There are 2 protein chains.
Amino acid sequence: MKNSEKQYSYEYPRPALTVDCVVFAYDEGELRVLLIKRGEEPFLGAWALPGGFVHMDEDLDTAAARELEEETGVKKVFLEQLYTFGAVDRDPRGRVVTVAYYALVKLTNYKLHASTDASDAAWFSVHDLPSLAFDHQYIFDVAFKRLQAKITYEPIGFELLPNKFTLTQLQRLYETILEREIDKRNFRKRLLAMDIVEELDEVEQDVAHRAARLYRFDRSSYKRYLKEGFEFNL
Amino acid sequence: MKNSEKQYSYEYPRPALTVDCVVFAYDEGELRVLLIKRGEEPFLGAWALPGGFVHMDEDLDTAAARELEEETGVKKVFLEQLYTFGAVDRDPRGRVVTVAYYALVKLTNYKLHASTDASDAAWFSVHDLPSLAFDHQYIFDVAFKRLQAKITYEPIGFELLPNKFTLTQLQRLYETILEREIDKRNFRKRLLAMDIVEELDEVEQDVAHRAARLYRFDRSSYKRYLKEGFEFNL
DNA sequence: CTTACTTAGTGTATGATATACACTAAGTAA
DNA sequence: TTACTTAGTGTATATCATACACTAAGTAAG
């Protein structure tokens, strides 16, 4: 039964397979998500996660990266598989299974791009999302929870900041994502104890007060840190 | 481009979509996985994860549960989505994307079943796996790492034990999965501090030494524990 | 019935880590 | 020169993790 089924299943009807991306960016104390406005039915005019069909000759990761670039101009960013959503009725047009990804982008690199290249793309605060097409609100919820969990045990927060950042910026990022305040001295103590950020001989520019020192995430130090059996934890 | 593509993509060729299950069980100090012997090409005679095609009218979770029951007789068990594997060349017959799940079963309930109902199914020690079909070894590796990680922060270990168990059995389970020894007193201290297991008025039977007290995982206490803001941690 | 054997069951002291908390330093702007 | 804003720093205390060893209870064999 099971084996014969397997043999002939290639002629069975197949669900359509898509990828969708929850793209996060951090902008001055706010966490944002990139959405595109739908140009057709169903959900014409509604906002949706960028995404599209998986081609026969590309991996899932490749498909997600391609769709993201085609629809929003965003490329070469942190992109990780989130979960696969396959409820039978999630798309009114028929059976569509979607492999969802989440991406973290440095907004400085894409602020212009998203608004020029794709006039139907826009950044929304995660606390002020419009009504979303399909089950995209649910996908977003899963992505946001994953981000909150993962930022505490993997150094992915750096993906949302410029290469050079101040410790206060990093702390604000954590406070924004985790939605709670963090003690300044304890935060810095824990971060510096890991020895995975490099202190630069530079300070921030154009601020109307004492300028803060800039730091850079040091990926090779992080790998060494992991090898020694420690784990990232903030 | 992107939108028009979406509109017409339903006529594009579609990857086949399957589910595969990594089924774990714990048997007297050994962690085991349930495999089935393939009855056709490719990989005829090789061992593989149980799985099969997703039907058009069933959710992914449903498909995984159905395939598991059809191929191995295992049903109503802990079953959770693991990851979706979609490398272009992972199946020599063509493009097949698989949504992998992992399951945790109480072996006592299925020991007979798997060997009678499906003569091509067998339990293997995770440390002595045969060569697996397709990319199933890789899928297994991902599943095992997930299990190791998740057992420390979610109370899923209980899914692998009988409803009534001794604290030593639970400790051995953790030692087996995490592949390291754990201090007896500290383990019990941490576990009991969470107040999520119920001490029963029963002891184990038919042992040639002092009988250990039996306990039961108390799911409602666990939920209360979570609501109070604590987190499972062993 | 006594002894040997096996596993159950328990507490404490020490070190490590997390937390709570407040002032001085440096720069800009008026 | 003064007011304002943010940067940058240390310590004391509480909490938690770890290391560690003996007595209790039952079975089995002589």
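Every value quoted in this text rests on a predicted model; they were computed, and no experiment measured them. The chains referred to below are lettered A, B, ... by the order of the sequence lines, with proteins before strands, and numbering in each begins at 1.
Taking the six-membered ring for Trp and thresholds of 30 and 60 degrees, Phe230(A) and Tyr225(A) have nearly parallel ring planes, at less than 30 degrees apart. Using cut-offs of 30° and 60° on the angle between ring planes, the pair Phe140(B) and Phe24(B) is tilted. Using cut-offs of 30° and 60° on the angle between ring planes, the pair Trp47(B) and Phe124(B) is perpendicular. Ring planes of Phe217(B) and Phe158(B): parallel class, angle under 30° (limits at 30 and 60°).
The span of DNA chain D lying next to chain A, judged by atoms under 4.0 Å from heavy atoms, is bounded 5' to 3' by dT5(D) to dT11(D).
Within the structure, salt bridge (charged side-chain N to carboxylate O under 4.0 Å, His left out) pairs that include any residue of residues 121-144 of chain B comprise Arg90(B)-Asp135(B) (at least two apart or interchain). The list of side-chain hydrogen bond (donor to acceptor under 3.5 Å, both in side chains) pairs with a residue in residues 185-196 of chain B, not counting sequence neighbours, reads Asp183(B)-Asn186(B), Asn186(B)-Lys189(B). Within the structure, the salt bridge (charged side-chain N to carboxylate O under 4.0 Å, His left out) test picks out the following pairs touching residues 162-173 of chain B (sequence neighbours left out): Lys164(B)-Glu202(B), Arg172(B)-Glu175(B). Sorted by first then second residue, the side-chain hydrogen bond (donor to acceptor under 3.5 Å, both in side chains) pairs that include residues 144-157 of chain A, not counting sequence neighbours, are Glu80(A)-Lys150(A), Gln148(A)-Glu179(A).
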Stepwise ring-ring contact (aromatic ring centres under 6.0 Å, His included) test for Phe134(A) and Phe85(A): CA-CA 11 Å; Phe134(A) 307 105; Phe85(A) 299 86; over 10 Å; no
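Checked against side chain to side chain contact (heavy atoms under 4.5 Å, CB included), Pro162(B) has the following partners two or more places apart in sequence or in another chain: Thr108(B). Among residues two or more places apart in sequence or in another chain, the side chain to side chain contact (heavy atoms under 4.5 Å, CB included) test is passed with Asn163(B) by Lys106(B). Residues passing the side chain to side chain donor-acceptor pair (under 3.5 Å) test with Ser131(B), sequence neighbours excluded: none.
Non-hydrogen atoms lying under 4.0 Å from DNA chain C are contributed by Thr168(B), all within residues 160-169 of chain B. Using a 4.0 Å cut-off on heavy atoms, the residues of residues 178-194 of chain B that approach DNA chain D are Asp183(B), Arg185(B), Asn186(B), Lys189(B), Arg190(B), listed by number. A heavy atom lying under 4.0 Å from DNA chain D marks the following residues of residues 196-209 of chain A, by number: His209(A).
Listed for the His136(B) side chain is a donor-acceptor partner under 3.5 Å among the backbone atoms of Leu49(B). At distances below 3.5 Å, not a single donor-acceptor pair connects side-chain atoms of Tyr83(B) with backbone N or O atoms of Val142(B).
Taking five base pairs at each end of the helix from dC1(C)-dG30(D) to dA30(C)-dT1(D) and finding the rotation axis that steps the C1' atoms of four pairs onto the next four gives two axes whose angle is 0°, to the nearest 10°.
Between the side chains of Ser125(B) and Glu30(B), at least one donor N or O lies within less than 3.5 Å of an accepting N or O.
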